[in-house]
Each structure stands twice: as C-alpha cells, then as structure tokens.
Amino acid sequence: MKHASELIKDFESEQYNELLTDIYVDEHLLAYQNGRYIAALQEFIKDFGDTEVSIFSAPGRSEVGGNHTDHQHGQVLAASINLDAIAIVAKTSDDKIQVISDGYDLITIDASDLSLVESEKETTTALIKGVAAGLKEHGHAVGGFKAYITSDVLIGAGLSSSAAFETIIGTILSGLYNNGSVSAIEIAIIGQYAENVYFGKPCGLMDQMASSVGNLVHIDFADPADPIVEKIDFDMAKSGYSLCITDTKGSHVDLTADYAAVPAEMCAVAEMLGKPVLNELSEQDIIDHMADIRTKLGDRYLLRALHYFEEVKRVEIQVASLTKGDMPAFLAAVKASGDSSFKYLQNVYTNKDIQAQNVSVALAVSDITLGSHGVSRVHGGGFAGTIQAFVENDTVETYRQAMDHVFGGGSCHVLKIRKYGGMQVL
C-alpha cells in the first residue's frame, strides 16, 4: 500500500496505463483518467492528509433490454459502463466513517450507531448508513475510514449514479474489513436495502446489480426476494460497436403521472385476471381476454401488457445472442425493443404535450444517420431524457456530431461496456 503522494507520482508517470485501459476499455481515455485519479488523490491529501490509501471504483449502468419489465417480476439485461465513481480511501482505527463527495461537505457517521433516522431520508448520509447497516445485518464487519469520492456518472441520464455510490461504499467496507469477501450480488442487495429503507426511495434491484456485478448481467425477477442473476461474459469492445447515450434535454417536469401509469396499468390488467403482476400470467391469458380488457380497462392497458410479454422474450433473445456471439441477432432484438416501447408501451413522449417529442426526434435522427450501421431505442423510463444506441465504431464520430448538432454540444456520450463491477483498483 502506498501513500497518496506516491500514487500521484505513479499516475503522473503513467505507470497504471495498462490497468486503466483494462478497466475503462478505451485507450483514448488514458490522459483523462490519469488526470482524474491525480486530482482525486490531491483532494484526498487536502482534506485528510498524506497517508496510505486504497482506491475503489464502481460503475454506472445502462439498461439494455427489458424496458419496464422489472416491476412486473420479469427479466432485464443491463450493463456496467466506463463511467464510474472512484474513491480514495484510508482505513482508520476508530468507528468514524468520513466521506467527502466532490462538491459536497464532509459527512461523518459513527459506525457503532447505524440506526435509521427519519430526518436523514433522501440524503447521502442515509445511503452510507444504510449500506453499513445492511452489511452488519448480513453478518459482515464494518468500521471507520476516510474517503474522497468523485464520479463522472452522468446525473439524470438514466445511468444510475446513486447505485454506483451505494456499490462503492459496499465495496470499500468489503475490501477494508472483510478481505473483499462480500459477493457482488450481496453488495447489490444491500445497496437496494439502503435506498429503499434508509434513503426512502422504492427502487428495483437492476441498477445496483449491474453496477456491482459488472459487464452484462441478466436478471430474472420472478422471485424479487431472490432474483436469478447471470453474468454474460461478452466482450462488447471486440464486437466493433460502442454504446452511445444521448441526452435529448427533454424536461422531466410533470411526468410523474406518466411514469406511474406504466406499472399501474400493467398491474391493473394482471389484477383483472386474478394476479398481482403480469409475470404470474401468460401471454395467451392476455390474448384470450383481449375483448374484456379493452372494454373494462382500455386499449393502452392491453398494449402495455402485450409489450411486457414480448419484451421478456426479447431479453432472452438478447442473452442467447450474446452468449453465442451473434451480434446481428442482438442488435435486431434491441431495435425491436425500441419499436415496441414506441408503439405499444408508448413511453417515448407524453400525450399531455404532443409538440414536445425530444426522444422521438432523437430516434428519427438516429435512424437516418445510422442506417445499417447501428440501432437505437428509448433508454430507461422514457417520456423524456435519453436514448441509447449501439453504433459501429467507424460510424461513432458521424453519429455523435449528428446528435450534438440537434441537441447541443456534449449531448451524445460515447461509452464502452466495462467488464468490472465494484472493485478495488489499487
């Protein structure tokens, strides 16, 4: 283990270029990452002094398949990306957890008192306490440390910066006090617990699982308390494609009702047929009762239910395609997912403001620009925000320029799928 000042010299001499390329996939990012790590180490020294440190990382994530299926206990395919939170960490002999996040004040927590405090909900303090409490409840050791954390996971772009933060806290405590023995899946479950119970936000497990496990991860939520998790060892970097996320700058204001209506309408169809969620029915059940669903609930309810069953099939196709290395079949399933989200799930724009269709425009520009050189689809919850595209590497720059031309410079982010989830870097 080295002092922070020693590591600064190592990064300045580019000693860790091979490691950074392995983590972040793209060698064009080496200057940026070296500079980023140096700046984080300098900040740690400024805040906590020059002492021996470890470095941890946890990535953001992108949903690849399974648009609005998790809340119906369906299946999803998600991926960790080469944007991440990094933490410069020093273990301490007391029970104080001291964390400074980039741009925020020092947070101090007593690891011997991790009780839930209602007034702390929706704060970073709650997330840190929740992860530590979850680890303790699972029988793992916790203790004090000092950390400076910085993140380049885009906030508000559907890449789950909060899951990266939860994962990095869990990974730090696993590394410092449990010899790194806490599994990635358990860290994800604890991260979800922290967000649900301590932070006060109901969320599924997809975000935390993709961030913690890494690479591409297939999750079956048939039993939400014990999801089946399968890591897909596919090297996207060698496939010739990059993952592009474009922020269409659409406003999320007044969209809460639109988001809430999707699971509500799916559940209403299930409940009409005597089940709490769609996963407990078959697609044939829906087809057999189409007339009744249309009469009693309405056509959009029916269409969204049909989307669910077809989308779960597409997740399975994507997983099988990647396992076999069949990139064309995978891309076809991604495109079909996007088409279904537009036509049947209907989460590409809100019908409360039909003139504001940023996502629709982004998908149209993508189709025109990419042709046969890539595919695109709505990303995440939909209605506004971001789209996702898998683009041939030789077409990436043309695509980026086209999207930035429409939505402003820096709107299109060219990403790679990284093979590591939460990890100790050094």
Side-chain angles (χ1 to χ4, degrees), residues 1 53-59 61 70 78 80 85 87 89-99 107-118 120-121 123-147 149 160 162-215 217 219-231 420-425:
M1 190 179 293
V53 295
S54 302
I55 302 179
F56 295 83
S57 162
R61 71 99 184 103
D70 56 339
S80 59
V89 183
K91 186 177 181 180
T92 59
S93 57
D94 56 22
D95 271 337
K96 287 186 178 180
I97 296 175
Q98 296 180 282
V99 175
I107 294 172
T108 301
I109 293 166
D110 185 348
S112 65
D113 179 13
L114 300 171
S115 55
L116 174 64
V117 179
E118 287 293 324
E120 291 175 348
K121 285 192 171 181
T123 67
T124 304
T125 297
L127 288 180
I128 299 169
K129 285 181 71 174
V131 171
L135 281 162
K136 211 167 187 178
E137 288 177 18
H138 281 239
H140 302 296
V142 299
F145 63 86
K146 298 176 180 179
I149 300 177
S160 200
S162 60
F165 185 84
E166 294 151 14
T167 297
I168 205 166
I169 296 297
T171 306
I172 289 169
L173 288 168
S174 174
L176 295 184
Y177 289 97
N178 299 277
N179 296 314
S181 64
V182 186
S183 73
I185 291 174
E186 193 172 4
I187 288 173
I189 291 170
I190 289 167
Q192 182 198 27
Y193 166 80
E195 193 155 341
N196 289 353
V197 177
Y198 275 69
F199 190 81
K201 177 184 175 182
C203 68
L205 189 57
M206 176 181 70
D207 295 349
Q208 291 83 0
M209 200 67 78
S211 178
S212 186
V213 174
N215 207 338
V217 59
I219 312 169
D220 186 338
F221 290 106
D223 180 359
D226 187 21
I228 299 171
V229 181
E230 175 191 11
K231 187 172 182 177
Y420 302 109
M423 64 179 296
Q424 183 166 342
V425 177

Subject >> Reported NE2-to-CG distance for the pair His140 and Asn179, which is rounded to 0.5 angstrom >> reply: 12.0 Å
**OP:** Supply the atom-to-atom distance Ile189 CD1 to Asn196 CG, rounded to the nearest 0.5 angstrom.
**Re:** 12.0 Å
**OP:** List the atom of Gln192, the atom of Glu166, and the distance in Å for their closest heavy-atom pair.
**Re:** N-OE1, 4.4 Å
Original post:
Going by atom types only, do Thr92 and Asp94 share a side-chain donor-acceptor pair under 3.5 Å?
Top reply: yes
Original post:
Of all residues at least two apart in sequence or in a different chain, which pass the side-chain contact (heavy atoms from CB on, under 4.5 Å) check with Ser57?
Top reply: Tyr24, Asp84, Ile86, Arg418, Met423, Val425
Subject >> Atom pair CD1 (Ile97) and OG1 (Thr108), whose distance is rounded to the nearest 0.5 Å >> reply: 10.0 Å
Subject >> Nearest heavy atoms of Gly422 and Pro59, plus distance in Å >> reply: N-CD, 4.0 Å
Original post:
How many angstroms lie between atom CZ of Phe56 and atom CD1 of Ile149, to the nearest 0.5 angstrom?
Top reply: 10.5 Å
Subject >> side-chain contact (heavy atoms from CB on, under 4.5 Å) partners of Thr125, counting only residues at least two apart >> reply: Ile107, Ile109, Glu120, Thr123, Lys129
Subject >> Met209 side chain near Arg61 side chain, heavy-atom distance below 4.5 Å >> reply: no
Check residues 130-138 and write down every donor-acceptor pair under 3.5 Å in which the side-chain atom is one partner and the other belongs to a residue at least two apart or another chain.
from   : atom 1 : to     : atom 2 : distance (Å)
Lys136 : NZ     : Ala111 : O      : 3.4
Glu137 : OE2    : Tyr193 : OH     : 3.0
His138 : ND1    : Glu186 : OE2    : 2.8

Original post:
Residues two or more places apart in sequence or in another chain: which of them pass side chain to side chain donor-acceptor pair (under 3.5 Å) with Asp110?
Top reply: Ser112
Subject >> Check: Gly214 main-chain N/O paired with Ser80 side-chain donor or acceptor under 3.5 Å >> reply: no
**OP:** List the atom of Gly175, the atom of Gln424, and the distance in Å for their closest heavy-atom pair.
**Re:** CA-OE1, 4.3 Å
Original post:
With side chains defined as the heavy atoms from C-beta onward, is the minimum distance between Ile169 and Leu127 less than 4.5 Å?
Top reply: no
Original post:
Closest heavy-atom contact between Ser174 and Val182?
Top reply: OG-N, 3.3 Å
**OP:** Kindly indicate, with the supporting measurements, whether the criterion side-chain contact (heavy atoms from CB on, under 4.5 Å) is fulfilled by Ile172 and Tyr177.
**Re:** CA-CA 8 Å; Ile172 289 169; Tyr177 289 97; over 6 Å; no
**OP:** Taking Asp220 for its side chain and Ala222 for its backbone only, find out whether a donor-acceptor pair lies under 3.5 Å.
**Re:** yes
Original post:
With sequence neighbours excluded, what pairs up with Ala58 under the side-chain contact (heavy atoms from CB on, under 4.5 Å) test?
Top reply: Thr167, Ile168, Ser211
**OP:** With sequence neighbours excluded, tell me which residues meet side-chain contact (heavy atoms from CB on, under 4.5 Å) with Asp223.
**Re:** Ala225, Asp226
Original post:
So which heavy atom on Phe221 is nearest to which on Pro227, and how close?
Top reply: CD2-CB, 4.0 Å
Original post:
Closest approach of Tyr198 and Lys121, non-hydrogen atoms and distance?
Top reply: O-CG, 3.2 Å
